Enquirer: 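I am attaching a structure below and will ask some questions about it afterwards.
All values reported here derive from a predicted model rather than from experimental measurement. Here is how names work: the chains are called A, B, and so on, in the same order as the sequence lines, proteins then strands, and each is numbered from 1.
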Number of protein chains: 2
Amino acid sequence: MTEQPAQTTTAGDPATARGEQTRQLIRDTAMRLFRERGYAQTTMRAIAQEAGVAVGNAYYYFGSKDHLIQEFYAQSQVEHRAAAQPVLDREEAFGPRLAGVLHAGIDVLTPSHGFAATFFKTAAEPTSPLSPFSAESSGPREAAIDLFGEVLAGSTATVDAELRPQLPELLWLAYMGVILYWVHDRSPGQTKTRQLIDGAVPLIDRLVALSRLRVLRPVTRQVLDLIRTLRH
Amino acid sequence: MTEQPAQTTTAGDPATARGEQTRQLIRDTAMRLFRERGYAQTTMRAIAQEAGVAVGNAYYYFGSKDHLIQEFYAQSQVEHRAAAQPVLDREEAFGPRLAGVLHAGIDVLTPSHGFAATFFKTAAEPTSPLSPFSAESSGPREAAIDLFGEVLAGSTATVDAELRPQLPELLWLAYMGVILYWVHDRSPGQTKTRQLIDGAVPLIDRLVALSRLRVLRPVTRQVLDLIRTLRH
DNA sequence: ATCGGTAGTTGAACACGTTCAAGAAGGGCG
DNA sequence: CGCCCTTCTTGAACGTGTTCAACTACCGAT
């Protein structure tokens with residue numbers, strides 16, 4: 001949560017442009033206010049004032065208020081990856097690995113449930129750069145898909161050869177579904193989302209195992225063909 | 001598309017309050033401008049001006065710009081129901097009935113794809129009254145679920161006794177998934193969405209049929225239990 | 001040291017959704 | 001006819017996200 005350079009761990013990074021400091025200041029201030037007041041209640045003027053810069057300056061670094069959310073995405077993704085590491089180290093079976101990684105994702109998001117819910121709507125807009133399917137989000141998205149690739153690769157599970165290459169993206173899609181449910185989840189502590197994970201993972205596990213059965217091959221093939229058709 | 005009283009077909013309806021005429025004028029003007037210019041590009045001032053009323057007057061009838069969308073929902077639902085009728089009359093098998101009704105839904109929405117996509121984001125916000133899961137949307141939602149109930153009831157399909165009561169809502173949920181895909185579908189004429197329907201319906205059909213098999217009973221039960229848990 | 005150009009910064013101004021105090025219109029009742 | 005109360009209507013005003021022309025700070029080249 002505290003600032004922590006992601007890539008180069010050298011103290012000063014002279015490679016970056018002058019305004020990098022200002023950029024981070026604005027970003028951190030915005031994140032803090034979002035958490036404190038919620039997204040809609042945080043005005044660009046308030047962010048600028050708290051950060052001690054002019055309104056226009058925030059727009060120099062972030063094209064819009066929505067673009068500040070993308071920072072939140074990227075940050076969450078990094079935290080998710082870190083929180084998933086112990087699970088990937090510890091678990092070997094596919095089911096527990098998947099469940100652990102999904103729970104880790106919700107763990108990371110939980111402190112932000114209040115305000116995350118209000119802006120996830122922007123992510124749902126297809127034309128928005130914030131959509132998890134958009135080109136602008138391809139970085140975090142691919143990182144997330146890779147994470148589910150690790151869930152699979154490190155596991156002892158035996159998967160249908162045709163399904164295997166598609167599975168990481170499908171698992172990511174399932175994770176998006178979990179998040180969609182989580183956003184709407186008003187149960188205290190979002191316990192229902194936890195139940196969803198614990199209930200759905202065994203089903204997915206069983207489904208993946210069944211995909212290898214000779215009798216179900218046609219169905220597996222049919223599903224995969226459909227998915228390939230629908231992807232562009 | 002042209003104005004057409006839905007319920008009472010008597011000429012004058014004196015039962016309604018004085019401003020009903022104004023309400024419809026504003027509503028129709030808004031729908032027209034939404035289609036012509038898109039949602040974001042249509043300002044409340046423009047709606048008011050085109051309708052020949054003051055801005056505040058629009059807010060007397062519709063709590064917000066978003067609330068005008070709900071009118072669009074309701075209208076679309078009615079049109080969907082009407083478009084589905086021939087299918088329900090014609091088809092007897094479950095698969096064709098379901099496919100026909102899903103296609104009918106997309107048929108109705110297709111002319112609005114351009115602007116519908118831009119406002120479906122509002123529907124994704126959990127706190128919004130526009131969410132298909134919200135209390136305010138319960139009317140159209142239940143009407144839609146009923147429609148899928150008819151798909152099932154009128155069909156020759158034999159369904160697992162435990163699954164049957166849950167199935168209409170599950171089919172509606174699948175329909176929401178189709179719409180979510182449709183919103184993001186940028187293929188010309190949204191042909192991919194048509195492929196999704198044609199590809200997914202046989203799978204659903206087969207899945208429903210399989211649910212009766214003794215071997216799969218535990219899985220069916222497991223899925224239904226999970227769903228019951230997650231519903232509130 | 002001076003110049004020139006890029007990067008960074010400013011805040012007033014704009015258009016929008018929304019609110020609200022004020023008023024107009026209508027109709028029932030004496 | 002005059003009164004009152006509800007329903008309806010108005011448009012100026014507010015706060016918001018966003019833009020942009022002007023300005024400043026910095027740095028390499030002359």
Enquirer: Just how far is it from atom CE of B:Met31 to atom CZ of B:Phe115, taken to the nearest 0.5 Å?
Expert: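 The distance works out to 6.5 Å.
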
Enquirer: Look at the side chain of A:Asn57 and decide which nucleotide, out of D:dT7, D:dT18, C:dT9, has an atom nearest to it.
Expert: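 Closest of the options to the side chain of A:Asn57: C:dT9.
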
Enquirer: Using atom OH of A:Tyr59 as one end and atom P of C:dC14 as the other, report the distance to the nearest whole Å.
Expert: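 One finds 17 Å between P of C:dC14 and OH of A:Tyr59, rounded.
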
Enquirer: Round to the nearest Å and state the distance from A:Ile26 atom CD1 to C:dT10 atom C1'.
Expert: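 Rounded to whole Å, this separation is 12 Å.
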
Enquirer: Atom CD of A:Gln21 and atom P of D:dA25: how far apart are they, to the nearest Å?
Expert: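 Interatomic distance, CD of A:Gln21 to P of D:dA25: 17 Å.
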
Enquirer: For the atom pair OG (B:Ser187) and CG (A:Leu230), what is the distance rounded to the nearest 0.5 Å?
Expert: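 If I round to the nearest 0.5 Å, the distance is 9.5 Å.
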
Enquirer: Rounding to an integer number of Å, can you tell me how far A:Glu20 CD sits from D:dC26 P?
Expert: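 Spelled out: CD on A:Glu20 to P on D:dC26 is 17 Å.
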
Enquirer: Mind checking if A:Tyr61 touches a base, just sugar-phosphate, or nothing, with heavy atoms under 4.0 Å?
Expert: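 Sugar-phosphate contact only - A:Tyr61 comes under 4.0 Å of backbone atoms but never of a base.
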
Enquirer: Taking OP1 and OP2 of C:dG8, is either one under 4.0 Å from a side-chain nitrogen or oxygen of A:Tyr60?
Expert: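 Affirmative; the distance criterion is met.
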
Enquirer: Nearest-Å distance, CZ (A:Arg37) to C1' (D:dT16)?
Expert: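 That distance rounds to 14 Å.
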
Enquirer: DNA chain C: B:Gly56 or A:Ala58, which has the more 5' nearest nucleotide?
Expert: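 This one resolves to A:Ala58.
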
Enquirer: What residues form a side chain to side chain donor-acceptor pair (under 3.5 Å) with A:Asp146, not counting sequence neighbours?
Expert: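 Per chain and number, A:Asp146 pairs via side chain to side chain donor-acceptor pair (under 3.5 Å) with no residue.
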
Enquirer: Is atom CD of B:Glu36 surrounded by more than 12 heavy atoms (other residues, nucleotides or ligands) closer than 6.0 Å?
Expert: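 For B:Glu36, atom CD is crowded (more than 12 foreign heavy atoms under 6.0 Å).
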
Enquirer: Is the phosphate of D:dC8, meaning OP1 or OP2, less than 4.0 Å from a side-chain N or O of B:Thr22?
Expert: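 Answer is no, no contact under 4.0 Å.
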
Enquirer: Parallel, tilted or perpendicular: which fits the ring planes of A:His80 and A:Phe148, with parallel below 30° and perpendicular above 60°?
Expert: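 A:His80 vs A:Phe148 ring planes: perpendicular.
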
Enquirer: Quick one: does A:Leu109's side chain get under 4.5 Å of A:His113's, heavy atoms only?
Expert: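 Contact flag for A:Leu109/A:His113 side chains = no.
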
Enquirer: Could you tell me how far apart B:Gln41 (CD) and C:dA15 (C1') are, to the nearest whole angstrom?
Expert: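 The answer, rounded to whole Å, is 13 Å.
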
Enquirer: Does a donor on one side chain and an acceptor on the other come within less than 3.5 Å for B:Arg194 and B:Gln190?
Expert: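 No pair is found: no donor N or O on one side chain lies under 3.5 Å from an acceptor on the other.
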
Enquirer: From CZ of A:Arg23 over to P of C:dT9, roughly how many Å is that when rounded to an integer?
Expert: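 Taking CZ of A:Arg23 and P of C:dT9, I get 12 Å after rounding.
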
Enquirer: To the nearest Å, give me how far apart CG (A:Leu25) and P (C:dG8) are.
Expert: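 Answer to the nearest Å: 15 Å.
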
Enquirer: Using a strict heavy-atom distance below 4.0 Å, which residues from residues 42-55 of chain B are in contact with DNA chain D?
Expert: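 The stretch gives B:Arg45, B:Val53, B:Ala54 as the residues lying under 4.0 Å from the strand, ordered by number.
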
